[in-house]
Amino acid sequence: MTQKKPITVAITGAAGNIAYSLIFRICSGELFGNDQPFNLSLIDIEPALPALEGLVMELQDSNFRLINKTICTTDPFEGFRDADYAILLGSYPRNKNQTRKDLLGKNVSIFKIQGKALSFVAKKTVKVVVVGNPVNTNALVTAKYAENIPKENIVALTRLDMNRSISQLSRKLNKNVSNIKNVFTWGNHSASQFVDLSNGYLLEGSKKTPLTELVEKEWTYGEFQTTNQTRGKAVILKRGRSSAGSAANAVIDLLKSWIYGTETYVSMGVISDNNPYNVPENLIFSFPCTCKNGSWKISKDLKPNDFCKKMIKKNVDELVSERNIAFGLLQD
Ligand code: LMR
């Protein structure tokens with residue numbers, strides 16, 4: 001059997017918490033397959049370099065046979081060179097008194113430089129997953145400056161919101177998470193997000209029961225929403241820092257959907273151009289998507305109800321305001 005050529009996976013914030021959960025799972029072969037070797041390009045800021053070296057020592061001690069080569073760098077122009085995948089975890093994290101939007105000032109310039117670096121040195125086919133908050137707008141900034149990379153290749157992580165909603169439904173219905181299908185979120189990864197279960201169903205054998213028949217309206221538009229909208233903050237309050245393991249898990253779920261395809265809708269924060277839901281162009285917005293052959297598509301056949309349309313509008317307004325602030329700060 002001929003060996004596959006190594007792919008290159010670049011990760012920013014590589015010495016951080018999310019990375020610590022993510023990298024070992026990638027190295028186990030879970031994401032790219034047991035026969036796919038890769039180069040790991042680990043990027044972080046100067047003060048994090050000792051921690052990054054410690055991580056590399058642990059990777060060495062794990063004898064992962066799929067790792068072809070590892071580099072550590074503070075320079076995205078070196079780190080993103082020939083990247084097939086770029087996972088942008090690095091950003092200032094929020095504390096319990098901040099909203100994700102409060103991080104805009106500190107984070108936009110990071111994503112501007114990373115967008116430029118991706119544009120100059122990554123493969124044109126690179127798949128970019130943005131995780132650092134405020135994730136939708138950071139992804140938009142990345143896309144703006146990554147002029148040589150198609151905007152479709154840059155996706156913001158809203159899969160964690162979807163995963164959280166499925167987990168809530170599983171606990172509410174006392175059913176396994178794998179039986180709950182077609183639930184997703186619209187809009188921003190923020191307290192304005194709207195979880196839509198109106199197309200969702202419980203799958204048992206070949207029987208599909210609409211979720212709207214199984215849960216009360218009051219819960220659907222009340223507690224279900226607020227729990228999802230505030231889950232990130234609730235985790236920070238308990239752990240004293242942001243979600244890490246569940247965020248890493250959501251990155252893996254998102255990339256598996258994007259690379260290998262989906263049978264049901266999944267939440268992806270994607271460029272809003274040409275959507276049928278009255279979301280203006282040039283926003284990164286969480287839509288229900290399906291994936292095939294390494295590409296995603298916004299599902300076009302849904303009929304949002306009036307409440308959902310109102311929530312889509314609320315998210316549009318919030319994201320337009322974030323975009324105005326971000327682009328104002330960038331000034332070019
Ligand atoms: C989350 O949702 O857990 C992350 O976006 C971290 C945060 O700041 O809430």
Side-chain angles (χ1 to χ4, degrees), residues 11-23 25 44 87-108 110-111 114 128-142 154-171 177 183-196 223-255 266-270 283-287 311 314-315 318-319 321-322 325-326:
I11 300 175
T12 71
N17 261 312
I18 303 178
Y20 197 77
S21 293
L22 179 67
I23 291 171
R25 286 183 65 181
D44 215 317
I87 304 173
L88 310 190
L89 306 175
S91 64
Y92 282 85
R94 73 165 164 151
N95 64 39
K96 61 181 187 217
N97 301 316
Q98 289 174 305
T99 65
R100 298 186 183 99
K101 189 176 171 181
D102 292 335
L103 305 172
L104 265 176
K106 289 203 156 140
N107 284 337
V108 285
I110 299 177
F111 289 87
Q114 291 179 355
V128 182
V129 176
V130 182
V131 179
N133 282 312
V135 67
N136 298 53
T137 301
N138 288 339
L140 187 68
V141 169
T142 308
I154 297 171
V155 170
L157 183 77
T158 58
R159 183 61 171 257
L160 181 52
D161 298 321
M162 170 182 147
N163 286 355
R164 287 168 170 165
S165 68
I166 289 175
S167 147
Q168 278 205 77
L169 283 158
S170 140
R171 281 177 274 132
V177 286
V183 182
F184 56 84
T185 62
W186 295 94
N188 201 0
H189 175 58
S190 76
S192 302
Q193 66 180 262
F194 179 64
V195 197
D196 191 342
E223 190 187 329
F224 181 49
Q225 300 296 328
T226 47
T227 302
N228 239 64
Q229 289 162 343
T230 57
R231 187 68 163 183
K233 180 162 187 178
V235 171
I236 294 174
L237 286 171
K238 294 278 184 197
R239 265 173 47 85
R241 46 180 149 161
S242 301
S243 325
S246 58
N249 180 65
V251 171
I252 301 246
D253 286 348
L254 163 64
L255 277 167
V266 291
S267 292
M268 292 174 77
V270 296
L283 292 175
I284 297 278
F285 202 87
S286 186
F287 287 104
M311 292 303 290
K314 180 176 176 181
N315 277 273
E318 186 174 71
L319 283 167
S321 133
E322 281 188 25
I325 297 172

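We count ligands from 1, going down the list as the structure has it; atoms in each ligand are counted the same way.
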Which protein N or O atoms sit under 3.5 Å from any N or O of ligand 1? Give each pair with its distance.
residue, atom, partner, partner atom, Å
ligand 1, 2 (O), R100, NH2, 2.8
ligand 1, 2 (O), R164, NH1, 2.9
ligand 1, 2 (O), R164, NH2, 3.4
ligand 1, 2 (O), H189, NE2, 3.1
ligand 1, 3 (O), R164, NH2, 2.8
ligand 1, 3 (O), S243, OG, 2.6
ligand 1, 5 (O), R100, NE, 3.2
ligand 1, 5 (O), N133, ND2, 2.8
ligand 1, 5 (O), H189, NE2, 2.6
ligand 1, 8 (O), R94, NE, 2.5
ligand 1, 9 (O), R94, NE, 3.3
ligand 1, 9 (O), R94, NH2, 2.7
ligand 1, 9 (O), R100, NE, 3.3
ligand 1, 9 (O), R100, NH2, 3.0

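- Here the side chain of N107 pairs a donor or acceptor atom with the backbone of Y92 at under 3.5 angstrom.
- A donor and an acceptor atom, one from each side chain of S267 and T158, are nowhere located under 3.5 Å apart.
- In this structure, the side chain of Q168 engages the main chain of F224 through a donor-acceptor pair within 3.5 Å.
- Between F184 and W186, the angle of the ring planes goes over 60°, which puts this pair in the perpendicular group of the 30/60° scheme.
- For N315, the side-chain hydrogen bond (donor to acceptor under 3.5 Å, both in side chains) criterion is met by no residue, not counting sequence neighbours.
- Although no hydrogens or angles enter the test, the distance criterion places no donor-acceptor pair under 3.5 Å between the side chain of N188 and the main chain of S190.
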